[in-house]
Structure formats: C-alpha cells, structure tokens
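Note that the structure is a prediction, hence the values are computed from the model and not measured. Sequence positions, counted from 1, serve as the residue numbers for this chain.
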Amino acid sequence: MNSAQSKGPPDPPQTLSEILFEEFCTTNVLIWERIPRNPPYQTADYAVTLEGQRVVVEIKQIENNDEEKRQIAELEARGRSSGVGGTLGTRIRNEITRGTKQIWNITNGSCPSILLLFDNRHEMFRYVFLSEEFLFAMYGPETRILRLHSDGVTKPALVGKKFETRRKMSSTRSKHISALGLFYRNKSGGVSITLFHNRFTNVPLKCSLFSGLSVTHFSVQTPNPEDFGEWQEIA
C-alpha cells in the first residue's frame with residue numbers, strides 16, 4: 001500500500017464523517033488530499049490514491065430529519081415512539097441526488113468515484129440502513145411479472161422479477177459514480193467501509209485496490225441488468 005501523505009494541508013474537519021474518513025486514510029497509510037472548495041461550483045470532498053489510481057470520494061453525513069426528531073422527542077417525553085416510517089431507500093436516493101453533481105464536477109467521468117454515506121442519526125434510527133435500502137435506491141424496488149390466465153380462476157404464474165423505475169443508477173443515469181458506500185465505526189474501534197458497486201458505471205472500481213483494508217464489496221450480477229437480483233459479495 002502507498003505511504004501516508006496528504007498533498008497540502010487539508011481543510012479543518014467540519015463533521016464527524018470527515019474526521020472518521022481521514023482517520024481511515026491515515027490509519028491505513030493511504031495517500032489522500034482534501035479537494036479545495038471552488039465556489040460557486042459544487043465539488044466532491046476527497047481524492048485518494050490507491051495503487052496509483054486516483055479515486056474521488058464524496059462524503060455525505062446523514063442527520064435526523066424533522067419527522068425523526070419528532071419521534072425522538074416523543075420517545076424522550078413518553079418513553080415510547082410511533083416507530084420508523086418512510087419508503088425504503090428514500091434517504092439514500094436523496095443523497096445520490098445531492099452528490100452526483102459534486103462528483104461529476106471533479107471527475108467528469110474520467111476516474112473512479114465513490115459516494116460514501118455516514119449515518120449520524122440518533123441511535124433509535126442509526127443502523128436502519130440495510131443492504132436492501134442501497135439496492136432499492138440504486139436500482140429500484142422489486143417488481144414481479146405475472147402471467148394471468150383467461151379463465152380468471154387459475155392462480156397467476158410468476159414469470160420474472162425486474163427492478164422498478166424508481167432508481168438513481170441505470171444505463172442513462174449516474175454512470176460516472178463507481179460505487180455507493182457506507183462507512184462506520186466497527187466493533188474493534190476502527191473504521192470499516194461497505195461498497196455497493198454500480199453495475200452501470202463506465203468507470204469501474206477494482207476491488208483489488210482495497211486489498212488489505214477493512215472494505216467489503218457487493219454487486220448485483222444478474223445476466224440482464226434490468227432483472228431483479230440480490231447483492232452478492234465480491235472480491
């Protein structure tokens with residue numbers, strides 16, 4: 001792995017997510033730099049060099065929204081809450097919308113990139129993000145295709161499963177983003193990253209670049225990209 005080195009003084013960390021990401025880079029002896037702000041243009045946050053490959057990283061720290069704050073207040077006042085609601089993948093879809101232009105303004109599709117999320121919400125909501133949330137946000141929810149019978153009595157037959165149209169990544173959208181990720185403090189006290197690779201990207205991210213790091217990789221590998229599939233761990 002490359003020797004630790006930052007190219008020029010980075011901006012002072014402003015969020016917990018930035019502190020943790022820089023800790024990950026420093027602990028793992030990576031070459032990294034903070035991308036200078038360039039108002040009024042929106043820019044990604046970091047560039048990391050892995051085995052000679054530049055990878056642009058945009059960090060998004062997710063905080064409690066107004067509805068979640070209401071539920072927290074209710075919990076603290078009454079000792080109970082009405083529970084977590086919302087459409088699966090909505091919060092992640094929103095972050096993709098916010099981050100896609102920032103990444104494009106730096107890479108222009110010329111090098112791999114990662115949109116990396118950090119969940120900084122109240123413990124009541126933290127760790128709610130499951131792999132299905134990333135799957136639905138990137139490619140859309142599962143849609144089942146049924147064959148109906150003319151007699152109106154026979155049970156419809158399942159003939160296929162596809163991704164629905166509510167998606168942020170496709171053959172025409174967000175192809176410049178190589179992977180979506182989640183990073184967190186692991187049980188050993190270090191920082192780990194889970195990456196969900198974008199199968200539609202035109203700038204693939206090689207898993208081998210992260211060899212020896214606490215990074216886990218997943219992808220959907222159905223023969224037809226439009227067919228529904230589950231995440232599979234890759235190496």
Side-chain angles (χ1 to χ4, degrees), residues 1-8 10 13 17-36 43-61 92 95-96 99-119 129 131 134-135 137-139 168-169 171 173-186 188-222 225 229-235:
M1 192 55 63
N2 300 295
S3 299
Q5 175 186 350
S6 62
K7 301 177 181 178
S17 57
E18 292 173 339
I19 293 172
L20 290 181
F21 182 74
E22 292 182 12
E23 175 187 325
F24 176 84
C25 293
T26 302
T27 301
N28 289 288
V29 200
L30 305 180
I31 298 174
W32 62 275
E33 62 177 303
R34 183 67 189 257
I35 297 174
T43 58
D45 294 316
Y46 294 92
V48 180
T49 301
L50 301 167
E51 304 296 342
Q53 173 66 65
R54 186 173 190 256
V55 179
V56 168
V57 180
E58 167 62 13
I59 304 289
K60 291 297 183 187
Q61 181 165 306
I92 297 177
E95 298 306 328
I96 295 174
T100 185
K101 186 175 182 179
Q102 291 168 272
I103 290 175
W104 176 260
N105 285 341
I106 295 298
T107 68
N108 198 31
S110 62
C111 70
S113 64
I114 301 170
L115 178 57
L116 200 55
L117 309 183
F118 176 72
D119 192 351
F129 287 143
S131 59
F134 287 87
L135 185 69
M138 292 171 70
Y139 304 133
K168 286 296 180 179
M169 295 180 177
S171 59
R173 301 184 71 182
S174 302
K175 294 194 297 181
H176 61 290
I177 299 178
S178 306
L180 191 63
L182 179 71
F183 71 112
Y184 52 92
R185 180 76 72 185
N186 59 42
S188 300
V191 178
S192 294
I193 296 176
T194 300
L195 291 180
F196 300 94
H197 289 249
N198 178 10
R199 72 181 309 171
F200 294 103
T201 187
N202 50 19
V203 277
L205 191 63
K206 295 181 180 179
C207 298
S208 59
L209 296 177
F210 302 86
S211 178
L213 304 180
S214 183
V215 179
T216 307
H217 304 266
F218 291 91
S219 70
V220 175
Q221 299 179 317
T222 53
E230 302 289 350
W231 292 119
Q232 297 181 33
E233 186 171 351
I234 58 175

Mind running side-chain contact (heavy atoms from CB on, under 4.5 Å) on Leu182 and Ile193 for me, showing each step along the way? CA-CA 6 Å; Leu182 179 71; Ile193 296 176; over 6 Å; no
May I have the step-by-step check of side-chain contact (heavy atoms from CB on, under 4.5 Å) for Phe218 and Leu195, ending in yes or no? CA-CA 6 Å; Phe218 291 91; Leu195 291 180; over 6 Å; no
Val215 and Phe24: side-chain contact (heavy atoms from CB on, under 4.5 Å), yes or no, with the steps? CA-CA 11 Å; Val215 179; Phe24 176 84; 3.9 Å; yes
Passes side-chain contact (heavy atoms from CB on, under 4.5 Å), Ser113 versus Trp104? Steps please. CA-CA 9 Å; Ser113 64; Trp104 176 260; over 6 Å; no
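A donor-acceptor contact shorter than 3.5 Å links the side chain of Ser110 to the backbone of Thr107. Counting only distance, with no hydrogens or angles, the side chain of Ser192 and the backbone of Tyr184 share no donor-acceptor pair below 3.5 Å. Under the 3.5 Å distance criterion, the side-chain polar atoms of Arg199 are matched with a main-chain donor or acceptor of Thr222. A donor-acceptor distance shorter than 3.5 angstrom exists from the side chain of Asp45 to the backbone of Ile59, with no hydrogens or angles considered. The closest donor-acceptor contact from the side chain of Trp231 to the backbone of Ser131 lies under 3.5 Å. Remark: side-chain polar atoms of Ser178 are paired, donor with acceptor, to backbone N or O of Val203 under 3.5 angstrom.
A 4.5 Å side-chain heavy-atom check between Gln61 and Glu95 finds every atom pair outside the cut-off. The side-chain heavy atoms of Val48 and Cys25, taken from C-beta on, include a pair separated by under 4.5 Å. Residues Val57 and Trp32 form no side-chain contact, since every pair of their non-hydrogen atoms from C-beta on lies 4.5 Å or further apart. For the pair Thr27/Val191, no side-chain contact is recorded, criterion being any heavy-atom separation below 4.5 Å from C-beta on. By the 4.5 Å heavy-atom criterion applied to side chains, Gln221 and Gln232 are counted as neighbours. Between Val220 and Glu230, every side-chain heavy-atom pair lies at or beyond the 4.5 Å cut-off. For the pair Ile114 and Val56, the minimum side-chain heavy-atom distance is 4.5 Å or more.
Note: Phe200 and Tyr139 have perpendicular aromatic rings, judged against thresholds of 30 and 60 degrees for the angle between ring planes.
With His176 as reference, Thr100 is the one residue of Asn108, Asn202, Thr100, Thr201 to meet the side-chain hydrogen bond (donor to acceptor under 3.5 Å, both in side chains) rule.
The existence of a salt bridge linking Glu58 and Lys101 is excluded, since no basic side-chain nitrogen approaches an acidic carboxylate oxygen closer than 4.0 Å.
When all heavy atoms are compared, the tightest approach of Leu205 to His197 is O-CE1, 3.3 Å. Pro36 approaches Thr43 most closely through the heavy-atom pair O-OG1, 3.9 Å. Residue Leu209 comes nearest to Leu50 through the heavy atom pair CD2-O, 3.4 Å, listed as atom of the first residue, atom of the second, then distance. Nearest heavy-atom pair, Ser174 versus Asn198, reported as atom, atom and distance to 0.1 Å: O-ND2, 3.2 Å. In terms of heavy-atom proximity, Ile35 sits nearest to Ala44 at CB-O, 3.6 Å. Listed here is the closest heavy atom pair of Leu115 and Ile96: CD2-CA, 3.5 Å.
The distance between the ring centers of Phe210 and His217 falls below 6.0 angstrom.
Rounding to the nearest 0.5 angstrom, the gap separating the CE atom in Met138 from the CZ atom in Phe196 is 8.5 Å. Note that the CZ atom of Phe183 and the CG atom of Leu116 stand 5.0 Å from one another [nearest 0.5 Å].
Not counting sequence neighbours, Thr194 has no partner by the side-chain hydrogen bond (donor to acceptor under 3.5 Å, both in side chains) test.
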